[in-house]
Amino acid sequence: MLWYTGKRILQMIPVFFGATFLIYFMVFALPGDPIAALYGDRPPTEAVLEQVRARYNLDQPFIVQYLLYIGGIFTGDFGTTFSGRPVSDVMAAAFPITFRLAMLALLFEAFFGILVGFVAGLRKGKWFDNSALVVSLLLISVPTFVIGFIAQYLFGVQWGIVRPTVSGDANWNELILPAFVLASVSFAYIVRLTRASVSDNLSADFVRTATAKGLSRRRVVTVHVLRNSLVPVVTFLGVDLGSLMVGAIVTEGIFIIKGVGGTG
Amino acid sequence: MPSSNRPEQAHFVASLEDTPIAAVDKLDESQKARSTWADAWDSMRRRPMFWISSVLILFIVFVAVFPGLFTQVSPNTDCQLSVSNGAPSSGHPLGFTRQGCDVYSRIVFGTQASLTVGLLATLIVTLFGALVGALAGFYGGVFDAIISRVGDIFFAIPTVLGAIVLMTVIPQRTALTVALVLSVFAWPQVARIMRGSVLSASNSDYVIASTALGVSRAKILIRHVVPNAIAPVIVIATVSLGTFIVAEATLSFLGIGLPSNIMSWGNDIGQARTSIRTSPQVLIYPSIALSITVLSFLMLGDVVRDALDPKARARG
């Protein structure tokens, strides 16, 4: 186990450098001169330009710039934005909001997804199961931004239950609706995953043994079936936190949340 | 204990009809062996969901190829600002957009771009991912290690996020470039699945038998391993066609997908966001078209998975 963990962590190192390099390279290839953009219509003298270029290491070759950037990251220096604010400050303000949104979404999808998937798996083929499947298919096929707009329109504008947009503080209660929207697609996947896993385990040998030992149906289902069915679901939840952070970009755009997506 | 005292002992040996051997004996050997694909087809065509989704997909493809057959109204030249965000009227069943264009006509003509991106991206991802994954899984070694790590790198960057950066770099945004950009970040998933599937197929008895018979490695891969390992890739390809259409819509919605002069559902939904409070129908109808398309591919993917995955079939 230790060997396996160590191997996986070692494998992460080239992935980290590869991914940062790739993103750095793509941003590097963006058209336009960042320094010219910094000054707009009235460019300063060549000497000033050179000075500024040197300050941001823009006079160095690409690979040197990348290494300096990585070195900066490891010493806690993430660079500065166009307006001169340190990137770490901007991220420190925005990241907690995105993280809060993603965590809330993760909580919703885990709770409701497992609940619905579990009941559907126990009643395979019944009306609850069928409607859960139909709803999950619908949620997957409607893009998140459409769900977001419809939710915002209905709850925020039409019925006035919540404010259509989120304030700068982004309190927990304001984030409930955006988190539900963000969680919707993953919720559908968790329902399907839990359902398949539960109905698989219901016919497993250990369940038959537990029933044969005389355990009550309730205990068999909650302790033996549910706990074993959660293994793939927990794996999915771990991976999904990452995609929720990405999905937050779109959700933040709809509800005007000042998270990471709003800083770009 | 002498056996003569236990006349019932004879019953301890089951008669041949009661044993599983009987079932084996009953097999008609003269019949041609049925392939997985024939079995899959048999199980698919009994599912109503298969026919519903297939008919829908065929219809959508038909609309994409011949949009002119479904509407006489031009989607971008018959626009009149006097009917901006207007309600449905005769000849314009779904109303008008902010620019006063016919919503229905724009949906019909937008089908092509959305479907093209989805199909192209699926084609590229499936072909490339399956090829790379199969080679990595079958030959292993250094090639496998490199492919897996490179795949991890692209896998680590989320598709939409990577596409946002890459789309800003690309000078010309067409259906092909959008599909290519989406593929760049989506191929590792297919490659991983193909690799795992090829790995397990390579360990089967028929591969060992072919090796023993002296069949070349390349021929084993093409003739025996790939046909037995491709099923999960086909399933993921069907489902991902739907997700690519959603991804294109998301990019267009964010303003970095297809340029606004190309009609696509994503563009129309993105443009409708400004008028959602006054006239939600402008947003709803393209969304419905998009969702039905994605839903069709998802349903087809479900049926195909059930048919190709015997484990799921046994669960019934």
Side-chain angles (χ1 to χ4, degrees), chain A residues 11-32 124-125 133-134 136-150 152-154 156-158 164 185 188 192 196 199-200 202-203 239 242-247 249-250 253-254 260-261 264, chain B residues 49 145-146 148-162 164-171 184-185 239 242-243 245-250 253-254 265-266 269-270 272-273 276-278 280 283-284 286-288 290-299 302 311-312 314-316:
Chain A
Q11 281 179 351
M12 271 170 61
I13 296 173
V15 174
F16 169 79
F17 284 107
T20 47
F21 184 82
L22 202 64
I23 294 176
Y24 199 83
F25 177 75
M26 288 193 296
V27 176
F28 198 84
L30 284 181
K124 201 166 177 187
L133 274 186
V134 170
S136 71
L137 268 181
L138 280 178
L139 283 179
I140 297 175
S141 55
V142 181
T144 314
F145 56 90
V146 173
I147 298 180
F149 277 132
I150 293 173
Q152 185 187 38
Y153 178 71
L154 289 181
V157 181
Q158 200 80 343
V185 175
R192 294 166 73 86
S199 73
D200 246 11
L202 274 179
S203 53
V239 180
S243 34
L244 283 178
M245 302 284 282
V246 180
I249 297 177
V250 173
I254 295 168
V260 177
Chain B
M49 220 164 154
I146 293 174
S148 295
R149 291 297 82 72
V150 172
D152 281 354
I153 291 170
F154 283 93
F155 199 67
I157 304 172
T159 305
V160 170
L161 203 60
I164 290 175
V165 181
L166 206 52
M167 283 311 295
T168 6
V169 182
I170 283 176
V184 165
F185 299 98
V239 176
T243 54
I245 293 178
V246 174
E248 181 274 316
T250 309
F253 163 76
L254 291 170
W265 295 331
I269 298 171
R273 65 182 297 187
I276 179 177
R277 288 184 191 177
T278 46
L283 178 103
I284 301 289
S287 309
I288 290 176
L290 179 74
S291 303
I292 289 175
T293 310
V294 177
L295 191 66
S296 314
F297 284 107
L298 285 181
M299 290 198 310
D302 260 17
K311 201 178 158 222
R315 272 184 247 132

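Note that these values count all heavy atoms, side chains included, but never hydrogens, waters or copies made by symmetry. To find a chain, count down the sequence lines: A is the first, B the second, and so on, and within it residues start at 1.
Annotation: maximal heavy-atom pairing with chain B below 4.5 Å, among Y153(A), F17(A), F16(A), occurs at Y153(A). Interface summary for chain A: among D302(B), I284(B), T293(B), I245(B), the most heavy-atom pairs under 4.5 angstrom belong to D302(B). Listed options V150(B), L295(B), L166(B), T243(B) were ranked by heavy-atom pairs under 4.5 angstrom with chain A; first place goes to L295(B).
Note that CG of L137(A) and OG of S291(B) are 12.0 Å apart. Values are rounded to the nearest 0.5 Å. The distance from the CD1 atom of I249(A) to the CD1 atom of I164(B) is 4.5 Å, given to the nearest 0.5 Å. Taken to the nearest 0.5 Å, the CG atom of L283(B) stands 6.5 Å off from the CZ atom of F149(A).
For I292(B), no part lies near chain A; criterion is any non-hydrogen pair under 4.5 Å. With a 4.5 Å cut-off on non-hydrogen atoms, A249(B) touches chain A through its backbone and its side chain both. The contact between V142(A) and chain B is made by backbone and side chain atoms together, counting heavy-atom distances below 4.5 Å. For a residue to count as touching a neighbouring chain, one of its non-hydrogen atoms must lie under 4.5 Å from one of that chain's; by this rule M167(B) does not touch chain A. Interface remark: L22(A) contributes side-chain atoms only to the contact with chain B (heavy atom separation under 4.5 Å). Heavy-atom distances place no part of Q158(A) under 4.5 Å from chain B, backbone and side chain included.
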Quick one: do V246(B) and T144(A) satisfy side-chain contact (heavy atoms from CB on, under 4.5 Å)? Show the steps, please.
CA-CA 9 Å; V246(B) 174; T144(A) 314; over 6 Å; no
Show the numbers, then the answer: is there a side-chain contact (heavy atoms from CB on, under 4.5 Å) between F21(A) and I153(B)?
CA-CA 10 Å; F21(A) 184 82; I153(B) 291 170; over 6 Å; no
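Within 6.0 Å of the CE atom in M12(A), the count of heavy atoms belonging to other residues, nucleotides or ligands does not exceed 12. By the neighbour-count criterion of 12 heavy atoms within 6.0 Å, atom CZ of F25(A) is sparsely surrounded, having that number or fewer from other residues, nucleotides or ligands.
Of all non-hydrogen atoms in F253(B) and I254(A), the two that sit nearest each other are CZ-CG1, 4.4 Å.
Side-chain atoms of F155(B) and V15(A), non-hydrogen and from C-beta on, never get closer than 4.5 Å to each other.
Each of V246(A), I23(A), T20(A) was compared with I157(B) under the side-chain contact (heavy atoms from CB on, under 4.5 Å) criterion, and only I23(A) meets it.
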